[in-house]
Amino acid sequence: MADELPTSLLMFIASRAAIARVLEAVHAAGHDDVTLAQARLLMGIDPGGTRVSVLADRAQVAKQTATALVDKLEHAGYVERVRDPEDGRARLVRLTGRADALVPVARAEEARIEQEWAQHLGPARMARLRDALEALREVTDPYR
């Protein structure tokens, strides 16, 4: 059927809507200085910190772009650069307390989104959607 959208585009549309809502909630909580590009980078930071090159790869931006975004996030107090304990020459980007304050806001909005989607789809279809997406991670998520 020519009018049928590809599954990947359907997933992107849902993801884009969810990310926009989470960012809106973060802004409403007083962190209106976080941009969409910065939020994508923040989402890629591991608990112990992450190298800029990995963040760039996860956010699908050039390393120079990721470095500029990290510079702005660091200036705003959301991240800090620390020495990598595995390689003293390398630096990790790590969340600060200011960024940690965003996590409960984001998680609460994510929970509201999942609840709305489950209400719309019904519990069985939502469970199947989650199962299918988890299975797709096996072939789509290199950081798993």
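This chain uses plain numbering: 1 for the first residue, then up along the sequence. Just so you know, these numbers come straight off a predicted model, no measurement behind them.
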For residues [X] and [Y], determine if any side-chain heavy atom of one lies less than 4.5 Å from a side-chain heavy atom of the other.
{"X": "Val79", "Y": "Leu41", "value": "no"}
{"X": "His31", "Y": "Tyr78", "value": "yes"}
{"X": "Arg58", "Y": "Thr50", "value": "yes"}
{"X": "Leu92", "Y": "Pro85", "value": "yes"}

Side-chain polar contacts of residues 120-135 - donor-acceptor pairs under 3.5 angstrom, sequence neighbours left out - could you list them?
unit_1: Arg130; atom_1: NH1; unit_2: Glu114; atom_2: OE2; d: 3.3

(request) Ignoring hydrogens and angles, tell me if any N or O in the side chain of Thr96 forms a donor-acceptor pair with the backbone of Gly77 under 3.5 Å. (result) yes
(message) Donor-acceptor check, side chain of Ser15 to backbone of Met11, threshold 3.5 angstrom: yes or no?
(response) no
Look up atom [atom1] in [X] and atom [atom2] in [Y], then write down how far apart they are to the nearest 0.5 Å.
{"X": "Thr35", "Y": "Leu23", "atom1": "OG1", "atom2": "CG", "value": "8.0 Å"}
{"X": "Leu5", "Y": "Ile13", "atom1": "CG", "atom2": "CD1", "value": "5.5 Å"}
{"X": "Glu4", "Y": "Leu9", "atom1": "CD", "atom2": "CG", "value": "11.5 Å"}
{"X": "Arg83", "Y": "Asp87", "atom1": "CZ", "atom2": "CG", "value": "10.0 Å"}

For residues 65-73, tabulate all N or O donor-acceptor pairs below 3.5 Å that involve a side-chain atom, not counting sequence neighbours.
unit_1: Thr67; atom_1: OG1; unit_2: Lys63; atom_2: O; d: 2.9
unit_1: Asp71; atom_1: OD1; unit_2: Arg81; atom_2: NH1; d: 3.1
unit_1: Asp71; atom_1: OD1; unit_2: Arg81; atom_2: NH2; d: 2.7

(request) Please step through side chain to side chain contact (heavy atoms under 4.5 Å, CB included) for the pair Val22 and Glu110, ending with a clear verdict. (result) CA-CA 7 Å; Val22 170; Glu110 289 166 347; 3.8 Å; yes
In one Ile/Leu/Val/Met/Phe/Trp/Tyr side-chain cluster, 4.5 Å: [X], [Y]:
{"X": "Leu42", "Y": "Val61", "result": "no"}
{"X": "Met43", "Y": "Val26", "result": "yes"}
{"X": "Val93", "Y": "Leu36", "result": "yes"}

(request) Give me the one residue out of Asp46, Asp57, Asp84 that meets side-chain contact (heavy atoms from CB on, under 4.5 Å) with Arg51. (result) Asp84
(request) In plain terms, say whether Arg21 and Glu24 are close enough for a salt bridge, that is, a side-chain N and a carboxylate O under 4.0 Å apart. (result) no
Can you name the closest pair of heavy atoms from [X] and [Y] and give their distance?
{"X": "Ala18", "Y": "Ile113", "value": "O-CD1, 3.7 Å"}
{"X": "Gln38", "Y": "Val34", "value": "OE1-CA, 3.4 Å"}
{"X": "Leu95", "Y": "Ala99", "value": "CD2-CB, 3.7 Å"}

(request) State whether the number of non-hydrogen atoms from other residues, nucleotides or ligands found under 6.0 Å of Glu74 atom CD is greater than 12. (result) yes
